[in-house]
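Written out below as structure tokens is the structure these notes cover.
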Amino acid sequence: MNVLVINAGSSSLKYQLMDPDTGAVSAKGLCERIGIDGRLTHKVPGRENVVADIAMPTHSEAIQSVLDILVDPANGVIRSTDEIDAVGHRVLHGGMAFTESCLIDDACIAAIEKCIPLGPLHNPANLMGIRACQAVMPNKPQVAVFDTAFHMTMPPKAYIYAIPYEYYEKDDVRRYGFHGTSHRYVSARALELMGRASNPEGTKIICCHLGNGSSLSACKDGKVVDTTMGLGPLAGVPMGTRCGDIDATILEYLMGRYGYDIKTMLNILNKKSGVLGISGVSSDFRDLDEAAAQGNERAQLALDKFIYEVKKDIGAYAAAMGGVDAIVFTAGVGENSMDLRAKLVEGLEYMGVKMDLEKNKTRGVEAEVQAADSKVKLFVIPTNEELMIAKDTAALAR
Ligand code: AMP
């Protein structure tokens with residue numbers, strides 16, 4: 001079976017053609033500058049990348065260019081689009097309507113539209129991707145996979161905000177959480193590695209998705225009981241450019257001092273904050289490591305702040321679950337930065353966490369890195385959100 005996985009942003013669209021059963025990716029790529037001019041980068045394992053400037057006034061032309069290159073005799077991997085069995089879409093916000101993935105029909109689209117106020121930056125772009133695929137492939141089953149869905153098992157005490165209850169009742173203001181597809185993939189994989197996939201009751205896993213965007217989840221019995229992101233993806237630990245949790249008083253204070261409107265203020269909190277904001281150097285953790293190694297104190301402070309906040313949330317989730325059996329590290333930083341992983345668990349011996357620093361010398365591959373006498377397992381698990389999307393899509397399309 002071939003599933004085309006689509007992740008549509010406002011001016012970009014990522015795609016992967018994959019077999020949901022084996023996870024084999026036959027082609028993947030990226031459309032950029034949609035609505036400006038348009039560029040396609042197409043990658044097939046074992047072949048040279050193809051980069052082509054193609055006019056993409058809307059997402060429809062972008063999708064069409066993806067289909068064209070997939071069937072192209074020289075650069076393609078299939079003979080005709082008939083060989084695409086179904087299309088899976090990553091959708092950011094499913095609100096309270098979606099606790100799992102869903103086959104796209106008019107009701108599903110209407111529900112995604114209703115979530116636009118909750119995900120104003122992403123949901124409209126995700127919908128453009130869906131509509132473009134419907135236009136060029138009207139008869140293919142399409143599935144929406146939500147970033148929020150896996151977190152919908154949280155209990156009320158974890159998702160409610162301590163503001164007047166009417167805003168929850170009338171306006172759906174609550175914690176939703178994001179990166180859900182990644183948390184679902186790595187927590188399920190951790191359960192497999194623990195030999196508990198068919199018997200998750202009683203397990204306590206903390207998943208640390210640490211990349212440009214970062215979030216943690218506490219998974220008890222295989223289900224999320226808490227996560228760090230909130231109504232939107234700005235909350236939780238500090239990120240590449242996002243501030244994470246801050247005191248709301250800061251908004252009023254800075255807006256008053258500098259005359260910022262809310263849009264300017266949110267742009268600062270989304271795009272100019274996080275480790276970039278503290279360091280003034282970069283949002284990229286490799287740049288920060290390099291700068292800190294050369295003695296840049298603010299780069300070091302940004303790293304220290306990130307490590308401190310992630311470590312605090314690990315402690316919080318162990319407290320919330322009454323212990324922890326396994327901690328999982330995933331995404332760009334979690335999979336690749338051995339130094340940061342080591343610092344995150346430094347001093348957690350009192351919780352039964354002990355890392356084998358030799359085993360931890362691993363990058364981008366699945367590994368178990370706890371010491372022999374550690375009570376808590378430590379896993380590095382490369383995330384694979386596309387595979388989860390492809391599997392959900394195949395299951396619903398079948
Ligand atoms: P992601 O958003 O999951 O793609 O993660 C991107 C982040 O991972 C960037 O900040 C990268 O600097 C970081 N990253 C990738 N490789 C490494 C590495 N070897 N050491 C530290 N950070 C890394």
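Atoms within each ligand, like the ligands themselves, are counted from 1 in listed order. Worth knowing before you read on, the calculation uses all heavy atoms, side chains too, and leaves out hydrogens, waters and symmetry mates.
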Should we count CD of E297 as having more than 12 external heavy atoms under 6.0 Å?
no
Any nitrogen or oxygen of N212, side chain or backbone, less than 3.5 Å from one on ligand 1?
yes
Nearest-neighbour protein heavy atom for atom 13 (C) of ligand 1, which is reported as residue plus atom name and distance:
V333 CG2, 3.7 Å
Students should be able to answer this: which protein heavy-atom is nearest to atom 14 (N) of ligand 1, and at what distance?
G332 O, 3.7 Å
For atom 21 (C) of ligand 1, which protein heavy atom lies nearest, and how many Å away is it?
S337 CB, 3.5 Å
Is the terminal nitrogen or CZ of R174 (NZ for Lys, CZ for Arg) located under 6.0 angstrom from the six-membered ring centre of Y176 and within 45° of that ring's axis?
yes
Backbone or side-chain N or O of H209 under 3.5 Å from ligand 1 N or O:
no
Using a strict 4.0 Å threshold on nitrogen-to-oxygen distance, state whether K359 and E368 make a salt bridge.
no
Test: E358 and K361 ion pair at under 4.0 Å:
yes
Given the options K220, K157, M321, R175, D226 meets side chain to side chain contact (heavy atoms under 4.5 Å, CB included) only with R175
Within the structure, does G213 bring an N/O atom to less than 3.5 angstrom of an N/O atom in ligand 1?
no
Pairing donors with acceptors under 3.5 angstrom, does anything connect the side chains of Q300 and N296?
no
Distance from atom 12 (O) of ligand 1 to nearest protein heavy atom, with residue and atom:
D284 OD1, 2.4 Å
Identify, for atom 19 (N) of ligand 1, the protein heavy atom at the shortest distance, and state residue, atom and that distance.
N336 CB, 3.5 Å
Specify the protein heavy atom at minimum distance from atom 23 (C) of ligand 1: its residue, its atom name, and the distance to 0.1 Å.
R286 CG, 3.7 Å
Taking only heavy atoms of A331 into account, list the atoms of ligand 1 that are under 4.0 Å away from them.
3 (O)
Please check atom 4 (O) of ligand 1 for a protein heavy-atom neighbour under 4.0 Å.
no
R363 near ligand 1 by a heavy-atom separation under 4.0 Å
yes
Okay, side chain of S337, backbone of L340: is any donor-acceptor separation there less than 3.5 Å?
yes
If you count the atoms of ligand 1 from 1 in the order shown, which ones are under 4.0 Å from a heavy atom of G211?
1 (P), 2 (O), 3 (O), 5 (O)
Using only heavy-atom distances, determine whether the side chains of Y167 and Y161 contain a donor-acceptor pair under 3.5 Å.
no
Can a salt bridge be assigned to the pair K223 and D221 using a cut-off of 4.0 Å between side-chain N and carboxylate O?
no
Atom 10 (O) of ligand 1: which protein heavy atom is closest, and how many Å away?
F285 N, 3.1 Å
